[in-house]
Structures are given as C-alpha cells and as structure tokens.
Number of protein chains: 2
Amino acid sequence: MNTAQAKARADLLKALAHPTRVLMLDELSRGDRSVNDLRRLAAASQPTISRHLDRLKKAGIVTERRVGPRVIHHLACPCMLQALSCTLEALKSVKKRQADIV
Amino acid sequence: MNTAQAKARADLLKALAHPTRVLMLDELSRGDRSVNDLRRLAAASQPTISRHLDRLKKAGIVTERRVGPRVIHHLACPCMLQALSCTLEALKSVKKRQADIV
DNA sequence: GACATATATTCACATATTCGTATATGTATA
DNA sequence: TATACATATACGAATATGTGAATATATGTC
C-alpha cells in the first residue's frame with residue numbers, strides 16, 4: 001500500500017470515527033432518515049448534527065435528497081457497515097484478552 | 001446501540017484513522033515487526049512512530065514483546081483488517097458513483 | 001564500566017476537530 | 001407576503017491530535 005492509498009483510507013476511517021457518526025450510520029443502516037430523525041439519536045444541537053452529516057456526505061458514505069422541507073439521508077456505502085461490525089468483534093477480542101491476563 | 005457502545009467503537013476507529021497507522025497495520029498483517037521495521041514504511045521520525053504504536057497498543061489492536069534490544073509488535077486483533085479492506089471497497093464505490101455523475 | 005543500538009518520554013508548538021450560539025437559507029402554507 | 005418549520009453556515013472557544021528536537025531508558029557487547 002502506498003502513502004496516497006493510506007491517506008485515502010485513513011480519511012474514510014476518520015469520517016466514521018466519532019460516537020455520534022457511529023450512531024448515525026447504525027441508524028441509517030435501518031433506512032433513510034431526515035436530519036431531525038437523526039437528531040433524536042444523539043444529545044447534540046441541530047447544527048452539530050448537520051455538520052456530522054456533512055462530514056459523512058463529503059466522505060461519500062452518505063447521500064441526500066430533498067423531500068419538501070426535509071433533507072433525507074441515505075447510506076450510499078453499506079460496505080462501511082462492515083467496519084462497524086468489525087469494531088464490535090475487536091472490542092470483544094480486547095476484553096477477552098484483558099480478562100485472560102487478570 | 002447506546003452511547004457508551006458508540007464511543008467504544010469510535011475510539012477503536014480513531015486508533016486506525018491515520019495514514020501512518022493504516023500503513024503499519026497493513027504491514028503487521030504480514031507478520032510481526034520491530035519499531036525500526038515499521039519506521040521504514042513511513043516518512044516519520046522515530047518518536048512519532050513510537051507514539052503511533054503506543055496508540056495502537058492502548059487501543060488493544062497491537063501487542064508487543066521484547067526480543068533482545070528490540071520490541072516486536074504483533075497484530076492482536078486481525079479482525080481490524082476487515083475495517084481496512086472495507087475502506088478499499090468503499091473508496092471504489094465512491095469513485096464509481098462520482099464517475100457515474102460525470 | 002564504556003559504548004553502541006533500540007525504543008520511549010518530555011516539551012513546545014502547529015494544526016485539526018468539535019461544539020454551541022447566533023444567524024442565514026430554503027420550503028410550505030395561510 | 002407573513003409566518004412557521006427544517007436545515008445550513010459563520011464564528012469563536014475549548015480540546016484533541018500530530019510533530020520533531022532533545023533527552024531518557026533499556027539491552028547487548030567489548
């Protein structure tokens with residue numbers, strides 16, 4: 001892997017690497033959602049949610065379409081869900097190892 | 001998914017989300033490596049490499065053992081490689097979508 | 001013990017990220 | 001056009017992250 005490739009991958013991972021965005025992607029995996037829908041998930045202000053979504057859009061993970069006054073968001077890269085499920089497995093593995101040491 | 005779970009997952013993703021650490025994990029997927037081995041991959045100083053490794057260790061993704069004067073690093077969480085391969089697929093998907101628009 | 005090699009830590013600084021408040025924009029409806 | 005609702009952007013402050021230079025620590029060899 002070269003440097004440019006590594007940077008592109010790291011940028012994609014960064015786009016995921018925030019608790020609020022993790023929650024958002026998990027929710028979007030169950031269907032398209034408006035900004036307000038997603039806002040209810042996280043304890044954050046509306047502008048904050050809007051910016052997190054913008055980040056996901058810029059990374060190309062999420063797309064949007066306008067329906068009346070709302071902007072509906074769609075998970076354009078379902079493959080990124082694998083990265084999420086993979087963190088769950090990793091967490092289990094880390095916990096298990098720590099338990100073995102103790 | 002609750003907030004604590006989302007934070008734990010995001011922390012794990014953050015540990016991966018840096019070009020140098022992406023390169024390191026890719027290299028460690030092919031076998032255990034010393035700090036100096038990994039240093040050759042990335043254009044960074046020795047202290048910088050050391051701290052990136054520390055970050056991976058604290059996240060539980062990498063373990064270390066001392067062999068003589070060297071510290072050998074081992075990928076303890078091969079499951080995290082899925083997150084890496086998944087970014088490759090996502091990058092392809094994003095590029096394809098952009099090409100379709102153009 | 002003196003010295004070379006391998007790795008870690010401290011420090012100071014630059015940059016990036018995240019956030020809420022305030023404000024602007026877009027859309028629908030009366 | 002006036003008003004309400006949904007979403008986006010600008011701004012400034014707090015915090016986190018990344019970095020190299022200098023230095024400290026650990027290990028092996030002579």
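Numbers restart at 1 for each chain; the letters A, B, ... are given by sequence-line order, proteins then strands.
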So which protein N/O to nucleotides 1-8 of chain D N/O distances come out below 3.5 Å?
{"from": "D:dT7", "atom 1": "OP1", "to": "A:Val35", "atom 2": "N", "distance (Å)": "3.4"}
{"from": "D:dT7", "atom 1": "OP1", "to": "A:Val71", "atom 2": "N", "distance (Å)": "3.3"}
{"from": "D:dT7", "atom 1": "OP2", "to": "A:Asn36", "atom 2": "N", "distance (Å)": "3.1"}
{"from": "D:dT7", "atom 1": "OP2", "to": "A:Asn36", "atom 2": "ND2", "distance (Å)": "3.4"}
{"from": "D:dA8", "atom 1": "OP1", "to": "A:Lys57", "atom 2": "NZ", "distance (Å)": "3.3"}
{"from": "D:dA8", "atom 1": "OP2", "to": "A:Ser50", "atom 2": "OG", "distance (Å)": "2.8"}
{"from": "D:dA8", "atom 1": "N7", "to": "A:Gln46", "atom 2": "NE2", "distance (Å)": "2.7"}
{"from": "D:dA8", "atom 1": "N6", "to": "A:Gln46", "atom 2": "OE1", "distance (Å)": "3.1"}

Tabulated below should be each protein N or O lying under 3.5 Å from an N or O of nucleotides 14-16 of chain C; please produce it.
none

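Judged as a side chain to side chain contact (heavy atoms under 4.5 Å, CB included), and not counting sequence neighbours, the contacts of A:Ala15 are A:Ala59, A:Ile61. Under the side chain to side chain contact (heavy atoms under 4.5 Å, CB included) criterion, B:Lys95 pairs with no residue at all, not counting sequence neighbours. Taking A:Gln82 as the reference, nothing meets the side chain to side chain donor-acceptor pair (under 3.5 Å) condition, with sequence neighbours excluded. Residues passing the salt bridge (Lys or Arg N to Asp or Glu O under 4.0 Å) test with B:Lys92, sequence neighbours excluded: none. For A:His18, the side chain to side chain contact (heavy atoms under 4.5 Å, CB included) partners two or more places apart in sequence, or in a different chain, are A:Thr20, A:Arg21, A:His52. Annotation: side chain to side chain contact (heavy atoms under 4.5 Å, CB included) contacts of B:Leu41 (sequence neighbours excluded): B:Glu27, B:Leu38.
Within the structure, every pair that satisfies the salt bridge (charged side-chain N to carboxylate O under 4.0 Å, His left out) test and touches residues 58-69 of chain A, not counting sequence neighbours, is listed here: A:Asp32-A:Arg65, A:Asp54-A:Lys58, A:Lys57-A:Glu64.
As rounded to whole Å, 15 Å separates atom P of C:dT9 from atom CD1 of B:Ile49. The interatomic distance linking B:His52 (NE2) with D:dT19 (P) rounds to 4 Å, in whole Å. Note: CG (A:Asp11) to P (D:dG18) measures 12 Å, nearest angstrom. Rounded to whole Å, atom C1' of C:dT17 lies 14 Å from atom NZ of B:Lys7.
Both B:Leu81 and A:Leu84 are assigned to one and the same hydrophobic cluster, defined by single-linkage of ILVMFWY side chains at heavy-atom distances under 4.5 Å.
In the hydrophobic clustering (ILVMFWY side chains linked at under 4.5 Å, chained through shared members), B:Ile72 is joined by B:Val67. Grouped by direct or indirect side-chain proximity (heavy atoms under 4.5 Å, Ile/Leu/Val/Met/Phe/Trp/Tyr only), B:Leu88 sits alone.
Distance OG/A:Ser50 to CZ/A:Arg39: 11.0 Å, rounded to 0.5 Å.
Less than 4.0 Å separates DNA chain C from no heavy atom of any residue of residues 15-26 of chain B.
Residues A:Ser45 and A:Val67 both approach DNA chain C. Their nearest nucleotides, taken by heavy-atom distance, put A:Ser45 toward the 5′ side.
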